[in-house]
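Quick notes on the structure that follows.
The figures here come from the full heavy-atom set of this structure, side chains too, leaving out hydrogens, waters and symmetry mates. Below, read A as the first sequence line, B as the second, and so on, with proteins coming before strands; counting in each chain starts at 1.
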Amino acid sequence: MVRFLEQFINGLSVGSVYALIALGYTMVYGIARMINFAHGDIIMVGAYVLYVCKSIIGLPSIVSVIVTIVFCSLLGITIEKIAYKPLRKAPSLAVLITAIGMSFLLQALSLLIFGANPITFPSVIKVSPIYIGSITISGITIITFVVTFICMIGLTYFVNNTKAGSAMRAASEDKPAAELMGINVNRTISMVFAIGSALAGVAGFLYISQYQSLMPTLGALPGIKAFVAAVLGGIGSIPGAMLGGIMLGVIESLSKAYISTQLADAIVFGILVIVLIVKPSGLLGKNSIEKV
Amino acid sequence: MEKKASNNMNLKNNKNFNKKIIAVVGIVVGYILISLLANGDLLSRQFKSLIVPAGINIILAVSLNLTVGFLGELSLGHAGFMSIGAYTAALFTLNMNLPGPLEFMIAIVLAGLIAGLFGYLIGVPVLRLRGDYLAIVTLAFGEIIRSLINSFKFTGGAIGLSKIPRYSNYTWVYVLVILTILLSYNFVTSRYGRAIKSIRENYIAAETIGIKVSRYKTLTFAIAAFFAGVAGALYSHNFGILRPSDFDYNKSIEILVIVVLGGMGSIRGSVIAAILLTILPEALRAVNEFRMLLYAIVLIIMMLLRSPDLRAKIEENEKLPKFIKNFGKIKEGGI
């Protein structure tokens, strides 16, 4: 029972990181109707920026984290402007291939700058663990919960209660109509990319605190898994991404503990396939009717 | 009137006949050239060892082009099908004791069939999906196949298989490359090929004129997977060792880069790009670290050049040379 609870809490913590990443996917998909394959690699960039700020330049932890988040959101805006904006009217195949190219580009650049060997990077979080009975909850897990909780509350408030948030929802519903209402759609899309990438930056910080080893490919797998989470929860739906992320984290960590470590990935992707076959709109997604 | 028509028919038949003769002569000359390259002193050992990989890449790229270029659906799991073929063929030749060429031939056919079967099985559930979702599911299947191979005992787990007989040589590869190109060419110029191209252009319109979209999609998936399996069989019998990590997501992307560079919907382009992208990394050993960067830039630039906005700008400005205008356009009708 203790083992189960520990694995469950572990799953919740991994899952909340997935949820943060999935939010970026889901928001971008909602407004731009594209899978941003480079999203996972923004996590990797975030982790490296944090490493450069903290270990090489020697900035204080809080400043490093803020620099990381700002850098990631600027990177997100730049990628959108350079690679995705010219293709807004292009077929989805072209956009998808560009996004894959962007993901490769980020990996290749970090490979050239930092090399292929993993760099160890001690966690910047220094919080002592909590003991409840015989269960230990590490400091990183607690910080992960707190940070993701704040981000999700903030994002939900922003999307539902602010003017920029309703512009975002309007643009994802119907771009030409939103434009007629005086919404600057280009700026709204940039803003979505900025927020999504900032969340990826936060996820990068939490992820690297947990795994403590830097590699140019570190973002690829969590990126794809977070995408699975977004699809599971219903792509385009913000609460869906949160639910999907946490569910996926718990499923992954339990199947690692009780079934097989090697098969955990296969199980995660199997879930994606099953969801897409049974209910392609996901758990909380809306069914969309296709018009000719 | 009638006479004229029959004359035209004759002319057309003659033309086709001439084309066929040219093709046969071309294939024979090609084989002589390849054997000269492989046995003569023109190439260093390093480049001779590239003949088989180049052929494997041609088969992979041409088959992926069927799904990406002609059907218009992105498949990110091509390396997965290749790995199924590679393991099937390797396990067959390791466990059978037939004479070499016969054994290899059966292994290749078996590899293709099993990979094709998986292509079909994957095609069936993803029928309802299109575009982004389909791409993600193919990616997921590729990863599932890899982690299953990684965890099974009979595939050797993460260590993989070794001591596979090294049957692959330039003759096998050449024959199979030619077969792949001919079969793919015939497929895309046939009634089936026209049907899948119409699905690419507008699937709703295709459906309304009675084309069974799902059937053609699964068919294309299965055929592409078949050839990927054949390529896998050649791959496993080339170096004699197999590891699950050879068939990761990056391998699928590498094949995609070849297809995109050669031109989506152009078989000739895939062949040229496959040869180019096999030789270039070896020839430019000094800049090997830049290979990934090069791939990434190829993908992005090729797609940006196709963007409607940029094209409109280019077409307004008549001063640009003609070849840039046609650059990266999906070829209509032709191969």
Side-chain angles (χ1 to χ4, degrees), chain A residues 29 33-35 37 82-109 111-112 115-116 216-217 220-221 224-225 227-228 230-231 235 260-274 276-278 280 290-292, chain B residues 68 72-74 76 122 124-137 139-148 150-151 157-158 200 204-205 208 249-250 253 256-257 259-260 264 289-304 306-311 328 330:
Chain A
Y29 192 90
R33 299 272 162 237
M34 63 163 291
I35 299 174
F37 261 92
I82 294 172
Y84 303 152
K85 202 178 158 211
L87 291 171
R88 225 170 263 166
K89 286 181 203 131
S92 68
L93 184 69
V95 188
L96 208 54
I97 292 176
T98 316
I100 291 171
M102 214 63 218
S103 146
F104 246 57
L105 185 75
L106 292 179
Q107 283 183 26
L109 284 177
L111 187 71
L112 281 179
T217 51
L221 207 56
I224 294 171
K225 282 183 188 160
F227 179 78
V228 175
V231 173
I235 200 144
S260 154
T261 323
Q262 280 160 332
L263 282 180
D265 285 356
I267 291 168
V268 166
F269 290 119
I271 288 170
L272 171 76
V273 176
I274 293 166
L276 285 179
I277 292 167
V278 179
E290 199 156 347
K291 290 172 206 149
V292 179
Chain B
V68 178
E73 292 289 4
L74 189 56
L76 297 174
I122 289 168
V124 171
V126 299
L127 287 179
R128 324 172 32 167
L129 311 169
R130 269 192 331 278
D132 302 351
Y133 279 109
L134 192 106
I136 282 291
V137 169
L139 194 163
F141 268 111
E143 291 296 308
I144 291 174
I145 290 168
R146 195 165 62 91
S147 54
L148 286 180
N150 223 335
S151 59
R200 173 188 78 194
I204 296 173
T208 49
Y249 171 64
N250 285 358
I253 298 296
L256 182 70
V257 172
V259 172
V260 170
M264 289 188 281
E289 300 129 36
F290 290 92
R291 197 176 66 162
M292 280 247 301
L293 194 66
L294 188 79
Y295 285 175
I297 290 170
V298 163
L299 283 179
I300 297 172
I301 299 279
M302 292 296 285
M303 287 303 119
L304 284 182
R306 290 176 42 154
S307 82
D309 289 0
L310 191 77
R311 296 195 71 80
I330 288 191

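Using a 4.5 Å cut-off between heavy atoms, Ile145(B) makes no contact with chain A at all. Residue Ile253(B) touches chain A through its side chain alone, counting heavy-atom pairs closer than 4.5 Å. With a threshold of 4.5 angstrom between heavy atoms, Leu294(B) does not approach chain A through any atom at all. Neither the backbone nor the side chain of Val268(A) comes within contact range of chain B, judged by heavy atoms closer than 4.5 Å.
For the atom pair Ile297(B) CD1 and Met102(A) CE, the distance stands at 9.5 Å (nearest 0.5 Å). Atoms CZ and CG, from Arg146(B) and Asp265(A) in turn, are 8.0 Å apart once rounded to the nearest 0.5 Å. The structure places CG of Leu256(B) at 5.0 Å from CD1 of Ile97(A), a figure rounded to the nearest 0.5 Å. Distance check: Leu76(B) CG to Phe37(A) CZ gives 5.5 Å after rounding to the nearest 0.5 Å. Here the CG-CE distance, from Leu87(A) to Met303(B), works out to 8.5 Å after rounding to the nearest 0.5 Å. Between Leu93(A) atom CG and Glu73(B) atom CD the span is 8.0 Å, to the nearest 0.5 Å.
At least one side-chain heavy atom of Leu293(B) sits less than 4.5 Å from a side-chain heavy atom of Leu105(A). Ile224(A) has its side chain out of reach of Glu143(B): every pair of non-hydrogen atoms, C-beta onward, lies at least 4.5 Å apart.
With respect to chain B, the highest number of heavy-atom pairs below 4.5 Å among Leu263(A), Ile100(A), Leu106(A) belongs to Ile100(A).
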